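The structure appears below as structure tokens.
Labels below follow one simple rule: chain letters A, B, ... track the order of the sequence lines, proteins then strands, and each chain is numbered from 1. Side-chain atoms are counted along with the backbone in the values below, which use heavy atoms only and exclude waters and symmetry mates. As the structure is a prediction and not an experimental result, all values here were calculated from the model.
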Amino acid sequence: MESATIPSLGTQPVEEGDLLRLLVAGSVDSGKSTLIGRLLYDAKLLLSDQIEALEKTSIDRGEDELDLSLITDGLRAEREQGITIDVAYRYFSTPQRAFIVADTPGHVTYTRNMVTGASNSDVALLLVEAPTGAVEQFRRHAAIVSMLRIPQLIVAVNKMDLVGYAQERFEAVVAELTPWVEQLEIPQVTFIPIDALGGANVVDRAESLGWYSGSTLLHELESVSVVADRNFSDYRFPVQSVIRGGGGEGGSARALAGQVAAGIMRPGDEVVVLPSGERSHIASIETLDGRLDEAWPPMAVAVRLADEIDVSRGDMLCQPGNRASVTENLTARVCWMSEKPLLAGARLLLKHTTKTVPARVDQLVHRVELDTLGAEPEPAALELNDLGVISVSTTTPICVDPYRVNRRTGAFVLIDEATGDTVAAGMVLHSDEMREPRGATNVIWQDSRTTRAQRVERLGHAGATVWLTGLPGAGKTTVAAAVEERLVASGRPAYLLDGDNLRHGLNSNLGFTEADRTENVRRTAELARLFADAGFVVLVSVVSPDADARAAARGIHDEHELPFIEVFVDAPLEVCEQRDPKGHYARARAGEIAGFTGVDAPYDSPTDPELTLDTDRLEPGEAVALLVDLISARVPDPRG
Amino acid sequence: MRRELDRIALLEAEAITIMREVAAELERPVLLFSGGKDSLVLLRIAEKAFRPGRFPFPVMHVDTGHNFPEVISYRDELIESLGERLIVASVEDSIAAGRVVDETGPGASRNRLQTVTLLDALAEHRFDSAIGGARRDEERARAKERVFSFRDRNGQWEPRLQRPELWSLYNGRIRKGESIRAFPISNWTELDVWRYIEAEGLPLPSIYFAHTREVVERDGMLLAASEYLELFEGEVPFEASVRYRTVGDMTCTGAVESIAATIPEVVAEISASTKTERGETRADDRATEAAMEDRKRTGYF
């Protein structure tokens, strides 16, 4: 069906009112798109070509009345499915105020898009349905509003027409939600009854809701006070880039470009550069329009220091007596936004202000249970859309403040290095100057009385872990067993750890969920590490499809300064499937096994293995010889 | 003293920050300039972001060969005065090279062909990111777009898999062949753009102001009569006092009747207008309900 385009919202006359950034969200079918359409239509904010197009589309679809929800849903799939998938930004003005509306999806799958819209909002409008009251998705949205510290929440109790506009029902919904909402950290919460479909109490008052004496929704939006989210008391200037040129008398030849995150900066101020700790003074604050006497958030300026000191992107200017915390360890709230669950030990990139650094998630401290807002301590994983608290360590120091003190220096995102995707929104709770041991804190490592060096010298054996990864049927165990045989025959201690064999004993309580697979790899790596420490060349043969889990296995060895050799046993899927030594492919294809790597579970090919063995091309003897040679080169036999 | 930025200053600060972030996060950005008012604002924002230094990227114009001559001369003067580097990617060249086939007939337009020229030029110069002047208030599919918009190896947009974009922490990580389109003035409205141009005293191509021109009326729009526009039977060109609200290919950009000769007069007319910018003046968006979304998916700006 072809029909006219409904243009987006056009530009309206703007009086010099203030600007309100409004988040609108509600669960699926709560009537959010209809409400926004109703708001614009009744407030006479739609232009004539928009109304014409809306009429035409509504008629084309065989609807009797204007379908106001069609004005907002912009993607083809959204109109087809009747749901909102991604956040849409809309701009309109009433005589009182200009609005930027982040119209966000309700469907749980698209919560990450709701978080995207919420992160820059001043006021949140959440819809619940009068007949049903709060559903889980409302709780999730309200918890996100609280976590992001949006100071104002308006709860629109919609579909009052379905409950006969009954005051008792409205009050029951308010009574049900209030105790739960009060546990959140949202300073102001307002409830308003409406009927978006019929238009009651959206823009105009309605007789049907005559018992209600509060504001209409539009009036509330126009009059709610916007709490400026700006911090003038601290002094924070994250350096975004360095601009060469200009300067001259008493100033550096380089200017530091950036957006003021907090405080009032003036020429002459003494500043300290973090993390280096070097000090200087501000010589001038510059813009294309001239020099400024002062700069404050969120101005974008260029700052010139009095001295030529080393400053670059990612550094932060503070004052000597008021500094951000320079840390490599922090505890933060997160909203996890990836289909791939977050597990302790995950290595990700952390982007904070203008700095991106490698980071490791040390611990999942707790997961928020939405029904009770209670905490589930140390969960096995954070799943898509879970809210929780984690501890993170970074490889280089970052300069942070708690998010509640400063949004700009307390917020970060986590990025999956392999895909480049943004996978979490993070809000700093606190930072720790000291590194805490992870896991159980009351267990102390008992050092052996024999050092590794003594062991190697007396026994004449140096250990290492050789990690063979690849699809089932690629030939990992065949190669590993042959190498083990060759090494032992030459008098070198070697031992094969086969993934399937370990699942009979040590790992017998683990299944094939992602979390279990990661734990399987972790245990195997720890075991291999102990064998290697004892002087064995350990040949680990395990599918280990997840690149992060393999990186963690390597990390365990790096931490103990033991050699780790990753070998990618590579053969095309068709070849592996044809070999099918254990008949697993056939069973997986027949649907008897679920989550089988290569069939219905992914395999991340190693990007940088020490050795790749293409078992489809190499003769078995060649593959074994290549690996034996590599081991001898990397971990020479101490006996010569 | 009350320390508040007004609306335009807020939008400007946000745009400068985004522009600097593109330059810092991506290796080879390019700024796309159409000669229109939105890309004029981009150039001004780039000056604000990088002076006294040079722009850390070149400026590129995709020339359909059917552009308004006033716009081309304006473009050359402007870039010259900025002292920056201009690259012209030409649809004419793409046609000559057999990459695209010119549409013919009265409804013909080179608007769609631009996408191929743009993608080819990005690949030729190995640009990994392109800065554009798209605004979210223009059209429904644009309302959904991120500030840092990720494109796959084919330059395509997948609206259902956009990266979350939190606070002002823009994620510019890409793998080889992937790219970012960045939109610093996403949150500006048409009126914001005009007010900024007025406040900054920026020069505009003359076609943005009322002038007398031979036009034909088609689908309720006024299209410039030119050698590039083939007429339908019964269409008779006539003279009218018009101005343009957007600048694009001559064959699909409509003019509006107007007597506004100055920016304040234009602002007054827009404020009183009962139609949206693209709805009134872009034939390309009228084709289907999802015309813009479909073009964006394949790499259009």
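Rounding to the nearest 0.5 Å places CD of B:Gln162 at 12.0 Å from OH of A:Tyr110. Note: A:Met299 CE to B:Thr17 OG1 = 11.5 Å, rounded to the nearest 0.5 Å. How far CZ of A:Arg408 is from OG of B:Ser168: 4.5 Å, rounded to the nearest 0.5 Å. Rounding to the nearest 0.5 Å gives a distance of 11.5 Å between CD of A:Gln240 and CE of B:Met19.
Of all the listed residues (A:Ile100, A:Asp289, A:Thr287), the one sharing the greatest number of non-hydrogen pairs under 4.5 Å with chain B is A:Asp289. In terms of heavy-atom pairs under 4.5 Å with chain A, the best-connected choice from B:Ala13, B:Ala9, B:Gly53, B:Pro164 is B:Pro164. The residue among B:Glu14, B:Glu12, B:Glu178, B:Arg146 with the most heavy atom pairs within less than 4.5 Å of chain A is B:Arg146. Annotation: maximal heavy-atom pairing with chain B below 4.5 Å, among A:Leu288, A:Thr356, A:Leu148, A:Val115, occurs at A:Leu288.
Judged purely by atom type and a 3.5 angstrom limit, A:Thr116 has no side-chain atom pairing as donor or acceptor with the backbone of B:Leu166. Using modelled atom types, no side-chain atom of B:Asp137 and backbone atom of A:Tyr91 make a donor-acceptor pair closer than 3.5 Å.
Here the closest non-hydrogen pair linking B:Pro52 and A:Arg304 is CG-NH2, 4.3 Å. Residues A:Phe412 and B:Trp167 share a closest heavy-atom pair of O-CZ3, 3.5 Å.
Using a 4.5 Å cut-off between heavy atoms, A:Ile264 contacts chain B through its side chain alone, with no backbone atom that close. When heavy atoms are compared at a cutoff of 4.5 Å, B:Arg51 approaches chain A by way of both its backbone and its side chain. Using a 4.5 Å cut-off between heavy atoms, A:Arg254 does not touch chain B at all. Heavy-atom distances place no part of B:Arg54 under 4.5 Å from chain A, backbone and side chain included. With a threshold of 4.5 angstrom between heavy atoms, B:Ile174 does not approach chain A through any atom at all. The part of B:Ala49 that comes within reach of chain A is its backbone (N, CA, C, O), which places non-hydrogen atoms under 4.5 angstrom from that chain.
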Determine, stepwise, if the pair B:Arg173 / A:Glu417 fulfils side-chain contact (heavy atoms from CB on, under 4.5 Å).
CA-CA 8 Å; B:Arg173 275 195 86 80; A:Glu417 191 165 12; 3.8 Å; yes
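Evaluation of the ring-ring contact (aromatic ring centres under 6.0 Å, His included) rule for B:Phe50 yields B:Phe57 as partners, not counting sequence neighbours.
Between A:Arg313 and B:Glu25 there is a salt bridge, since at least one side-chain N of the basic residue sits less than 4.0 Å from a carboxylate O of the acidic one. Residues B:Glu21 and A:Lys351 are paired through a salt bridge, judged by an N-O separation under 4.0 Å between the basic side chain and the carboxylate.
Between B:Arg3 and A:Glu294 the shortest side-chain heavy-atom distance falls below 4.5 Å. A:Val87 places none of its side-chain heavy atoms less than 4.5 Å from the side chain of B:Lys144.
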Would you give me the side-chain donor-acceptor pairs under 3.5 Å for residues 418-427 of chain A, sequence neighbours excluded?
from: A:Thr419; atom 1: OG1; to: A:Asp421; atom 2: N; distance (Å): 3.2
from: A:Thr422; atom 1: OG1; to: B:Asn171; atom 2: ND2; distance (Å): 2.8

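Within a 6.0 Å sphere centred on CZ of A:Arg266, other residues, nucleotides and ligands contribute more than 12 heavy atoms.
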